2 protein chains.
Amino acid sequence: MTVTLADVAARAQVSPATVSRVLNGNYPVAASTRERVLKAVDELDYVLNGPASALAAATSDLVGILVNDIADPFFGIMASAIQGEIGGPGGRAGGERLAVVCNTGGSPERELTYLTLLQRQRAAAVVLTGGAIEDAPHKAATDAKLRKLADAGTRVVLCGRPQAPETGAIALTFDNRGGGQELTEHLIGLGHRRLGYIAGPQERTTTRHRLEGHRAALAAHGIEEDPRWTVHGQYDRRSGYEATLELLRRDPSLTAVVAANDSVALGACAALRDSGRRIPDDVSVAGFDDLPFSIDVVPALTTVRLPLAEAGARAGRIAMGREEAPPGGIAVVRGELMVRGSVAGPRG
Amino acid sequence: MTVTLADVAARAQVSPATVSRVLNGNYPVAASTRERVLKAVDELDYVLNGPASALAAATSDLVGILVNDIADPFFGIMASAIQGEIGGPGGRAGGERLAVVCNTGGSPERELTYLTLLQRQRAAAVVLTGGAIEDAPHKAATDAKLRKLADAGTRVVLCGRPQAPETGAIALTFDNRGGGQELTEHLIGLGHRRLGYIAGPQERTTTRHRLEGHRAALAAHGIEEDPRWTVHGQYDRRSGYEATLELLRRDPSLTAVVAANDSVALGACAALRDSGRRIPDDVSVAGFDDLPFSIDVVPALTTVRLPLAEAGARAGRIAMGREEAPPGGIAVVRGELMVRGSVAGPRG
DNA sequence: AACGTCACAGCAAGCGCTTTCTATGTACGG
DNA sequence: CCGTACATAGAAAGCGCTTGCTGTGACGTT
């Protein structure tokens, strides 16, 4: 029913081996023969059987990209950049590879299962994006899996994720700590002394690092942090809205709210507005990531720009072996403070 | 080197056939035997070889999701919803399937190549999202490919894409035309008579349908459209910014700007603001899609909400054969007008 | 003129799994 | 006590492709 290599071979009056070689182009085939084969392929509308090919050659052209939340532009932008470099069809890469993005939804189990699925498919490479989970058993399981993937010849690259030593993975890590610190120091420099902080989910490395940066800035300026000033939530707008209301309830005298990311900051802005505060006149708001929309909200968001697309592209290139891995297998990607309208000095 | 079924069989002292049956669970195996096998699997850390399995069984667990731009939340949201239903790991579906999203970047060639790649992998299902390209040769090529996929047993679902008769694909189509019309009628109802329209790229069905709706509304109210009032661009913010400047240059007396989607509308708002106009006092702005950020910009965007997540989920279920296809293989998904602050009656 | 050298093409042995068909052991009815 | 039925396990034949090795003419060399 379906056309196979043998059918093409028969039609072109050559052996299956020759057809295979024409298709893979890694062995000399006379021009006239090649032409005949290609013609037969065309006439029969032949499509290579991927699994069979992968089995015989013991390699596949699948490249996995793991993201926490594909509906979040943070990941979408990285995934897009990675995929662009992986080649996929039309990319600059020669061989056509199937770059696939897998949505873990932030769940450790799904992450692990996706890795197994990719291992099963003998993926050529895997790129993991975004922060990792800090739960020890899960981290151990993930690391073991990454180690195994790497051992099996799959190139493993972490993009925006802390290094995982001993796994053989190459890491492009975001300097969340440094960015967080710089941002808060900017606020402190403007005179803010009572700063609320809306952190992300507890167990994520990104959450911890950004928060550490924030606290380092406070400490560096001798500001004693009030435990009421920190609220944890999800990395989304809704969470930012609620957390802000909570912060305001706990301490109505806050002059600034620092959010774990831009989406959260958006929620914070909405909450402040709904509670009758003006931004930045009454309360300053800062975000993190500098997603595209951040410049469009009014007032535009002061935030820390992360070069998502650049980092993704680089990760993609490394995954494809088209760029050398950074020395030590790790490179730190810095953020850049974007000063905009949502932050001003405190009133009075 | 790598552990194979045979190794597991040897360790468990059974035949490879038995191991396969334990793993697939579709044939009676004595409990004691099963246990022994499972233990061996665990001890050897065995991972099934996907390609080999797919080859032998002539089926695969890959499901492809094609999107135009993964960095755009419009697609991210749909992809996320689809993937959620496909199951993937942790999903409600029983068998673990690898739901993979492929980023075509809106390029017809890439779309086609991805389809071939998926055909190669003998994908279990394919979901295509977003508008289609109207270029005739390309449409023919795509349709032929879809037809072939369907014939080969791959379930093909279109989500937010016009029906492709004769291809055997099931379509969940957005009522872009109706939504566009309703939106513009709302503006007309408020008294607007000079409305600029920022359309998307010429060759996309979505672009055409939304524009047709807009024009139908104008026609229905006897408003003769000035050709200067329509500008085409990309579906992004930047394009909206520039197109708005262009519209203003052509006719500074416009009282409203209707954008092809929310991102474009955002750009329009920025351009209006930068040129000293207030929204909606001087000029009203409307978008389309109702992406999450649309409620957060100031003023909040009047737009047409498309139930992206719901449609995606449904498409996913249909792709998995977990929900029946709509009668006739097509269902129209309507948008809902969201009236918010960015639109008001014209001044004076 | 005899003989390496090439440039190609074909043979055939798998790759690791699934599945049909067959064999074995056990339980049971007559 | 034997024949039949049932439950379970194994043997073996592929699935469609890749690739190392083996021809086989056509050339160029001495």
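None of the values given here were measured: they were computed from a predicted structure. Every chain is numbered from 1 and lettered A, B, ... according to where its sequence line falls, protein lines coming before strand lines.
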| query | What are the bounds, 5' to 3', of the part of DNA chain D that sits under 4.0 Å from heavy atoms of chain B? | reply | D/dT8 to D/dG16

| task | Check each of B/Thr113, B/Leu66, B/Thr154 against B/Leu118 using the side-chain contact (heavy atoms from CB on, under 4.5 Å) test, and report the only one that passes. | result | B/Leu66

| request: Using atom types as modelled and distance alone, determine if a side-chain donor or acceptor of B/Arg97 lies under 3.5 Å from a backbone N or O of B/Val63. | output: no

| query | Once you round it to whole Å, what is the distance between C1' of C/dC8 and CZ of A/Arg34? | reply | 12 Å

| task | Nearest-nucleotide wise, let me know which of B/Ala56 and B/Arg36 is further upstream toward the 5' end of DNA chain D. | result | B/Arg36

| query | Taking B/Arg161 for the side chain and B/Thr173 for the main chain, is one N or O donor matched with an acceptor at less than 3.5 Å? | reply | no

| task | In whole angstrom, give the distance that lies between atom OH of A/Tyr27 and atom P of C/dC8. | result | 10 Å

| query | With a 4.0 Å cut-off on heavy atoms, is A/Ala30 in touch with a base, just the backbone sugar-phosphate, or nothing at all? | reply | sugar-phosphate

| task | Please report how far the helix from C/dA1-D/dT30 to C/dG30-D/dC1 bends, comparing the axis fitted to its first five pairs with the axis fitted to its last five, to the nearest 10 degrees. | result | 50°

| query | Counting only side-chain N and O atoms of A/Ser15, is one of them less than 4.0 Å from OP1 or OP2 of C/dA9? | reply | no

| remark: Against the side chain of B/Leu5, the closest entry in C/dT18, C/dC21, C/dA9 is C/dT18

| note | Checking A/His138, A/Lys139, A/Lys145 against A/Thr142 for side chain to side chain donor-acceptor pair (under 3.5 Å), the one that qualifies is A/His138

| said: What is the distance, to the nearest angstrom, from the CG atom on B/Leu55 to the P atom on C/dT18? | reply: 11 Å

| task | For A/Ser53 and A/Asn49, indicate whether the former's side chain and the latter's backbone hold a donor-acceptor pair under 3.5 Å. | result | no

| Is there a side-chain contact between B/Tyr46 and B/Asp7 (heavy atoms, below 4.5 Å)? | no

